[in-house]
Amino acid sequence: MSNTNGGMLSRRRVVTRLALGLATAVAGTALVVSPASANTTSGSAAGVPLTDGSMYNVVDQIGARALWQQGITGRGVNVAIIDTGVAAVPALSGADKVVAMVDLSGEGSYLDTYGHGTHMAGIIAGRDPGAVPAAAGANPQWFMGVAPDAGIVSVKVAGQSGAVDVSQVIAGVDWVVDHAAELNIKVLNLSYSSGSTLGYTTDPLSYAVERAWRAGITVVVAAGNDGRNEFKLGMPAQNPYVIAVAGAELKNNKWQVPSWATSGDGTRNPDVAAPGTSIVSLRAPGSTIDLTAPTGYVSAHLFKGSGSSQSAAVVTGAAALLLSARPNLTPDQVKALLTSSADLSEITPRDARKSGHGLVRTAQAHATPAPNAVQAWPSADGSGSLEAARGGAHVIVNDQVVQGEVTVHGAPWVGVRWAGVRWANAQWSGSGWVDGEWVGVRWAGVRWAGVRWAGSSWAGVRWAESSWAGVRWAGVRWAGDEWSGVRWAGQAWD
């Protein structure tokens, strides 16, 4: 396995906060997306039914619209999304909407060629051009995420295949911590579950998210989609400091925990539940999901999917709203507000192992005085095996399976205890393994200008055939359209 780190540029581009354009290159083909009118749907095309999973209804289901009417829309808060990138679509094209991008995937495109990250970004902070949150109630044709005026920092860790090694995810978390101050990152969304066999105190990814939490970043993660009878949250949701979100679905006007949602063990349970079934968010045209899961198609701009990925994104938006209104809240206080105001009476089963403290109620959380909340769980140290943290899922880089105590670049993973601001022994620097290069959002004509790594791109990452719970990778397509085991925590695209 070759290590490409040495060929990367030892500089960082100055971030430039310019508006995204409406065209880009996806999967090597120029894709032009027409601007949306504020009087027709872009994210919600005219004539598209408002289902229970439409964002218009989701923001009411969690009480977010009540905050919009008070002028609380996420403004002043940037959210880091560690995922597959974001696509240049109209509802992510506002000024300062996507304020920065970094690519740790090795693909070198910065953009979302898989489709998952765009879906998450839409739920969290999407907003149609010209849409105004205060008037959104009277304009159901507009697409708006939970925190429509929040900014997005896209940390891409997976490319067209969706495959990602846990070392890339850890690097993404470290990158966010190292750049949080200069990019005003207050919330981190990680809709991912590693399937680690380690406990939270030794798992390296668990340590990374806990470090982010202690650095003042509210971390929201997916609880998992392994089913009600799997009484163990995914990793890093097992870490008790972060906010773990379970899925919820509305059936016959009653909320329930879906059969695919992972349960807790009675000690570490989901913290809250949020809508996660058939959530209609932004489509990434030409992406892998777009091409391989046609049942998820809703319109030229919209796609639907289910899973704790979507639920975590909803709560990420809710956290951004709380911090927009009260920027001095600590992560512990944000978590306490969300859990103390959640409603367990409205969801079945009323079992904390499955539903946590209940359904998120954003308006009630905002109306609750800030508590004196300080969590005091045993701390993680990240000392466990990187191979164990993979949970049996392996990726292939340059035709070699990444396994053992090495990162996806082939560099040794040695002495993995945190010391100061870097992993010990100079073997690991999540922010530095791409030498810190990142870009501010700047569009030139119809495609991104200068976003390739100079001489540092490496072969695309794909899943090893024996991984992912029998769902095998063949070329660039899944043999099935449901994810289970170690994955981006989306259950299905339909």
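The basis for the numbers below is simple: all heavy atoms, side chains too, and nothing from hydrogens, waters or symmetry mates.
With contacts defined as side-chain heavy-atom distances shorter than 4.5 Å, the pair L205/V169 qualifies. Side-chain contact between Q61 and W255: present, with at least one pair of heavy atoms (C-beta onward) separated by less than 4.5 Å. Looking only at side-chain heavy atoms (C-beta outward), K186 and T218 stay at 4.5 Å or farther from each other. With a 4.5 Å cut-off on side-chain heavy atoms, V221 and S191 do not count as touching. By the 4.5 Å heavy-atom criterion applied to side chains, W175 and V157 are not counted as neighbours. Within the 4.5 Å cutoff, the side chain of P204 has heavy atoms near those of the W413 side chain. K354 is listed as a side-chain neighbour of F231, based on a closest heavy-atom distance under 4.5 Å. R127 has its side chain out of reach of F143: every pair of non-hydrogen atoms, C-beta onward, lies at least 4.5 Å apart.
Remark: the backbone N or O of Q160 is paired with a side-chain donor or acceptor of T113 at under 3.5 angstrom. Formation of a donor-acceptor pair under 3.5 Å by the S287 side chain with backbone atoms of A284 is found in this model. Looking only at distances, a side-chain donor or acceptor of K97 sits under 3.5 Å from a matching main-chain atom of P148. Between the side chain of T197 and the main chain of G391, no donor-acceptor pair closer than 3.5 Å is present. Between the side chain of Q310 and the backbone N or O of G307, at least one donor-acceptor pair lies under 3.5 Å. Remark: the backbone N or O of L111 is paired with a side-chain donor or acceptor of K156 at under 3.5 angstrom. The backbone N or O of G358 lies less than 3.5 Å from no partner atom in the side chain of S355, so there is not a single donor-acceptor pair. Judged by distance alone, with hydrogens and angles left aside, the side-chain atoms of T201 form no donor-acceptor pair with the main-chain N or O of A380 at under 3.5 Å. The main-chain N or O of S308 is found under 3.5 Å from a side-chain atom of N225 such that the two form a donor-acceptor pair. Remark: side-chain polar atoms of D83 are paired, donor with acceptor, to backbone N or O of G117 under 3.5 angstrom.
Salt-bridge annotation for D265 and R353: absent, with no side-chain N of the basic residue lying under 4.0 Å from a carboxylate O of the acidic one. Salt bridge K254/E346: absent, no basic N to carboxylate O contact under 4.0 Å. Ion pairing between a basic and an acidic side chain is recognised when a charged N comes within 4.0 Å of a carboxylate O; R211 and D174 show such pairing. At a threshold of 4.0 Å, the pair D271-K335 counts as salt-bridged, since one of the basic side-chain nitrogens sits closer than that to a carboxylate oxygen.
Note: R350 CZ to S345 OG = 6.0 Å, rounded to the nearest 0.5 Å. From E387, atom CD reaches atom CG of L198 across 10.5 Å, with rounding to the nearest 0.5 Å. Expressed to the nearest 0.5 Å, how far NZ of K232 lies from OG of S196 amounts to 7.0 Å. Here the CG atom belonging to N78 is positioned 8.0 Å from the CG atom belonging to D96, to the nearest 0.5 angstrom. I123 CD1 to N189 CG: the interatomic distance, rounded to the nearest 0.5 Å, is 9.0 Å. To the nearest 0.5 Å, atom OG of residue S105 and atom CD of residue Q168 are 7.0 Å apart.
Between the side chains of T330 and D332, no donor-acceptor pair of N or O atoms lies under 3.5 Å. A side-chain donor-acceptor contact under 3.5 Å links S309 and H116. Between the side chains of E405 and S385, at least one donor-acceptor pair of N or O atoms lies under 3.5 Å.
Of all heavy-atom pairs spanning A237 and R268, the tightest one is O-NE, 2.9 Å. When all heavy atoms are compared, the tightest approach of S206 to P236 is CA-CB, 4.3 Å. For V315 against V272, the heavy-atom pair with the smallest separation is CG2-CG2, 4.1 Å. Summarising the geometry of A223 relative to T262, their closest heavy-atom pair is O-CB, 3.9 Å, with the distance given to 0.1 Å. The two residues V245 and A274 have their closest heavy-atom pair at CG1-CB, 4.0 Å. The shortest heavy-atom contact between A363 and A66 is CB-CB, 4.2 Å.
With sequence neighbours excluded, no residue satisfies salt bridge (Lys or Arg N to Asp or Glu O under 4.0 Å) with E249. For the side chain to side chain donor-acceptor pair (under 3.5 Å) test, no residue two or more places apart in sequence or in another chain qualifies with T368.
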Review point. Are N328 and Q333 close enough, and set up right, to give a side chain to side chain contact (heavy atoms under 4.5 Å, CB included), and what steps lead you there?
Key: CA-CA 10 Å; N328 292 325; Q333 288 177 312; over 6 Å; no

Check your understanding: Are I82 and L188 close enough, and set up right, to give a side chain to side chain contact (heavy atoms under 4.5 Å, CB included), and what steps lead you there?
Key -> CA-CA 8 Å; I82 298 177; L188 168 59; 3.4 Å; yes

Review point. Run the side chain to side chain contact (heavy atoms under 4.5 Å, CB included) check on I124 and V146 step by step: do they pass?
Key: CA-CA 5 Å; I124 295 166; V146 175; over 6 Å; no

Exercise for review: Could you give me the CA-CA distance, side-chain angles and deciding distance for L322 and H366, then say whether side chain to side chain contact (heavy atoms under 4.5 Å, CB included) is met?
Suggested key: CA-CA 6 Å; L322 295 181; H366 171 63; 3.9 Å; yes

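A cation-pi contact, defined as under 6.0 Å to the ring centre and within 45° of the axis, links R214 to Y241.
Judged as a side chain to side chain donor-acceptor pair (under 3.5 Å), the pairs with a partner in residues 62-73 (not counting sequence neighbours) are, in order, D60-R65, T73-D149.
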